[in-house]
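Please read all numbers here as calculations on a predicted model, not as lab measurements. Indexing begins at 1, ligand by ligand and atom by atom, following the structure's order.
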Amino acid sequence: MSAPTAAAVPCHRPAPVVAVIGGGQLARMMQEEASALGVHLRALVEAADGSTGQVVVDAPVGEAGDAVAVRRLVSGTGAGTRPGASAAQLQAAVPADVLTFEHEHQDSGLLAGLVAEGVSVQPGPDSLLLARDKIAMRRAMAEIGAPQPAWAEVTGTAEQIRAGIESFASHHGWPVVLKTPRGGYDGHGVLLVGSAAQLRDGQAATWVTATAAAAAGGPGGAATLGGGSLGGGAATSLLVEQAVPFTRELAVLMARSPSGRSAVWPVVESVQAGGICSEVIAPAPGLDAAAAGLARDTALAVAEHAGVTGVLAVELFAVEAPGEPTRLLVNELAMRPHNSGHWTQDGSVTSQFAQHLRAVLDLPLGSTEPTAAATVMVNLLGGETEPDDDAWARALAADPGARIHLYGKQWRPGRKLGHVNVTVPGDPSVPASPEAVAEARRRARAVVAVLRGEA
Ligand code: ADP
């Protein structure tokens, strides 16, 4: 038999181009799945040698709020970062099929302009606002009838803001939780306030003063207090919430495509330390079927109501008491792959990164079925001292069954540098025993300890 001629070889379809804004670990992990799916990822990164810039060939450098850079990202007319990469490797001048994000701190006006010009922006700017502005999110949850903590928006002069918070506390009790509506992450922008006196002190006082100044039209506001740089202008109000006496925190992750296809992963438990996710257990151990169903329905309702596309994470507080139905309250939303979904890389048929690409491209979604009885994810945060050069190899040797994911980031105390997944083999339809889950946690923590240079 003769070799097939060139004409007989079926043509490859051109790779769809997904443009993503952001150069952190989430876009980096999208690249792994883009490679597998035959998708061309083009990322607008903050630094050529950052987490994403290291692994994406077509990675122009620019800021999320830079209209020229974003437009070039979409049109493919910017310069990629990889020295020596050919125009073909960069898919130069090939317009992106879709623009998406790895963080929600985007410029709504710029995105709305692109949508008006016919660019597919997924999720769209109106949806994205609910992940960017906690007051807009609270209003939307109220419209949907999604369960949430009691909340209020407080604004005006410093005196009026304090009076508003005190009045809220007189109905719902101290402590209350104060939040900057925009720009918060990993616990920055969230403050537990125990009494009226504490409002006049420390950080709470700073927030009240800055918000009052912004409300009066002055410079600087709560948007810049949380640590985010793209909060979208000064916040002229603060969000106050009842402090929920939750028994644990849960998250439900799903994906929805522009044509309305959706798929939901099992509800997970997320363990927070100092406002940062430290561990995730999938599925959430011992969660009753009614609560799991409610979490799922809430996520689907949010996605439908807000027209969310791509991956949506709904973080929830669970209030559980023996003999009583579990109460769930929405904490916040994220519209992108999320830390609570990193377990899907090793414990689900489809990872959240693959699903996000499929969803924003409006392709059929993958199965969200788990592939193990349980999966545990433990985050690697930088320890107090920099680990020695051997730590990495020792971690690989410590537990060959553990899956290590590193983000290519320079060590810094407290910085998210990677995560480790350990699965509990077994029939996914049969819950893993508490002992098996505890052992998986122990193993994942042990590998993380080696990576931190502590073992
Ligand atoms: P971030 O934007 O930093 O993720 P969150 O709104 O998720 O902020 O809050 C961070 C953490 O603060 C939550 O994971 C939870 O532990 C705690 N928290 C937030 N809101 C409340 C609340 N209303 N009641 C009790 N704890 C809360």
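Residues D362 and S259 bring a donor and an acceptor atom of their side chains to less than 3.5 Å of each other. A donor-acceptor pair shorter than 3.5 Å can be found between the side chains of S270 and Q272. Using modelled atom types and a 3.5 Å distance limit, the side chains of R132 and S108 yield a donor-acceptor pair.
The closest side-chain heavy-atom distance from R182 to L129 is below 4.5 Å. Side-chain contact between E102 and L44 is absent, with no heavy-atom pair separated by less than 4.5 Å.
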Atom pairs and distances, ligand 1 N/O vs protein N/O under 3.5 Å:
unit_1   : atom_1 : unit_2 : atom_2 : d
ligand 1 : 2 (O)  : K134   : NZ     : 2.9
ligand 1 : 2 (O)  : E332   : OE1    : 3.3
ligand 1 : 2 (O)  : E332   : OE2    : 3.3
ligand 1 : 3 (O)  : D186   : N      : 3.1
ligand 1 : 3 (O)  : G187   : N      : 2.5
ligand 1 : 4 (O)  : E332   : OE2    : 2.5
ligand 1 : 6 (O)  : K134   : NZ     : 3.2
ligand 1 : 6 (O)  : K179   : NZ     : 2.9
ligand 1 : 6 (O)  : N331   : OD1    : 3.4
ligand 1 : 7 (O)  : N331   : ND2    : 2.9
ligand 1 : 7 (O)  : E332   : OE2    : 3.0
ligand 1 : 8 (O)  : K134   : NZ     : 3.3
ligand 1 : 14 (O) : E249   : OE1    : 2.8
ligand 1 : 14 (O) : E249   : OE2    : 3.4
ligand 1 : 16 (O) : E249   : OE2    : 2.7
ligand 1 : 20 (N) : K179   : NZ     : 2.9
ligand 1 : 23 (N) : E241   : OE1    : 2.9
ligand 1 : 23 (N) : Q242   : O      : 2.9
ligand 1 : 24 (N) : V244   : N      : 2.8

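In this pair, F317 and F246 present their aromatic rings parallel. The plane angle is below 30°, not in the 30 to 60° band.
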